[in-house]
Amino acid sequence: MNADKIYSNFDGGNLQCLCDDLVAEQQNSWLELGEAYGSLKGVRARDLECDGFAVRLQHNPGRTINTLASVDRQDINARKCFLCAENLPPEQKGILYRDEHLILCNPRPVFHSHLTVTHIQHGPQNIADSIDSFLRLAADLGPGWTVLYNGPQCGASAPDHLHFQAVPSGRMPVEKVIVDEKSQALLAEVDGIHLSRILRMGREIVILKGDNRTALGNAFKKFLSVLQEVLGIDEEPMMNIAGLYKEGSWRLLVFPRVKHRPDVFFREGDERVVVSPAVIEMCGVVVAPMERDFERLDAPLVEGIFKEVSLDAATVDKAVAKMSLMAHSRTKHEILISQGSILTKEGQS
Ligand SMILES: [Zn+2]
C-alpha cells in the first residue's frame, strides 16, 4: 500500500471519530467529493406507503453511474479496477483498517456520510470468507453506522473487488422496523444465534442475531450453505446484507435474492424504469437517478419490483427448515417455551 493513500491507521480505538474526520478532510481536499456532498444537500426525497411497509424515494442524479453500472463479466475484465488503491483518484485517501481494508469516502454518496471499505488486495466479492471482517468492522464502527454488503450478482458495482459500505445508522426504513420485536417472527435457534424473519415487508428479510462473533459468523455460513443446497447451486447465493452492532450484540439483515434487476429496468424508451435494487434499496431507500422515475414511482410499482427480485418465501422456509435440523439447534416451539421467563422479565423492565 502506497503511503500517500493512507490518511490514518486503525488497529483499535475510536473508529467512529476517525471516519468523521476522514469525511470532513476529504470534502475539503478532494474537489469532486466536496461537490458530490454539495449536490446531495439538494436531492429530493419523498416517502411512499406500500402494502405493510414504507420506502423513501430519493432522486439522486449523482448515482446514475452506479445504477446503470454494467456487471457483465466481459465489461468488467476490460476495465481498470476502480477500487484498487493504485487506480484511485490522486486526492482520495483512506483509513488503513487492521492492515486488511482501506476505508474510503464513496464519491457518489446516498447519505451525508457514505463510506466504501475495500480490501487492500484485488479479489472477488465473497461473503463466506469475509463475514468475520464484516462483523468486526460493524463492532469497531459502533452503533452510529450500518455496514452493507452487495453480492457479486445483485448490486455490487465492482463484483471483482471485495468491498463493503458503511452509512449512518437509522436512515433506512428497515432499521426503524426492526426496533420493534413484534415485527419479527422467530424461526429457529442455531448455536445460540436467533434466526427470525421480518413480517409483511414485501420482500424476504431474514435476521440473524447474537452476541458471539464467531458463532454468528458460523450460523451465517450455515445459512449460506443450506440456501445453496435448496437452490442447487455452488456459487454464493444472491443476497444483500446489512449489519448492525449495538450493546455487544450484532444483527445481520439478510435479503435473499433471485434476480438483480427487474424487467422494467430493461424496457426501452418511456417504459424503462431506472431502478437497480442493491442493499440500500432493499433496506427501503429507493434511489431514482432519473427525475421521470422519481415522479412516477408508486406503491404498486415498488411492491412489484421488490417481489420480482426477492427470493420467494417458500424457498426461504425450506432453507430455514434445514437449519433447524442441524446439531445444537432448537425449533421455534422449543425456543418459545424456554423464553417464557425471558419474555416476562422484559415485560417488567
Ligand atoms: Zn481491484
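Remember, it's 1-based here, ligands and their atoms both numbered in the order they're listed. The figures that follow rest on heavy atoms only: side chains count, while hydrogens, waters and symmetry mates do not. One-based numbering along the sequence shown.
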Asker: Are there over 12 heavy-atom neighbours, none belonging to Lys176, within less than 6.0 Å of that residue's NZ?
Answerer: yes
Asker: Within 45° of the ring axis of Tyr245 and under 6.0 Å from its six-membered ring centre, is that where the NZ or CZ of Arg213 lies?
Answerer: no
Asker: So, is the end of the Arg171 side chain (NZ or CZ) under 6.0 Å from the ring centre of Phe111 and within 45° of the ring's axis?
Answerer: no
Asker: Against the six-membered ring of Phe265, is Arg272 placed for a cation-pi contact (under 6.0 Å from the centre, within 45° of the normal)?
Answerer: yes
Asker: Which protein N, O or S atoms lie under 2.8 Å from the Zn ion (ligand 1)?
Answerer: Cys81 SG, Cys84 SG, His122 ND1, His161 ND1
Asker: Counting only heavy atoms not in Gln74 (residues, nucleotides, ligands), do more than 12 fall under 6.0 Å from its CD?
Answerer: no
Asker: Salt-bridged, Arg98 to Asp140, with N to O below 4.0 Å?
Answerer: yes
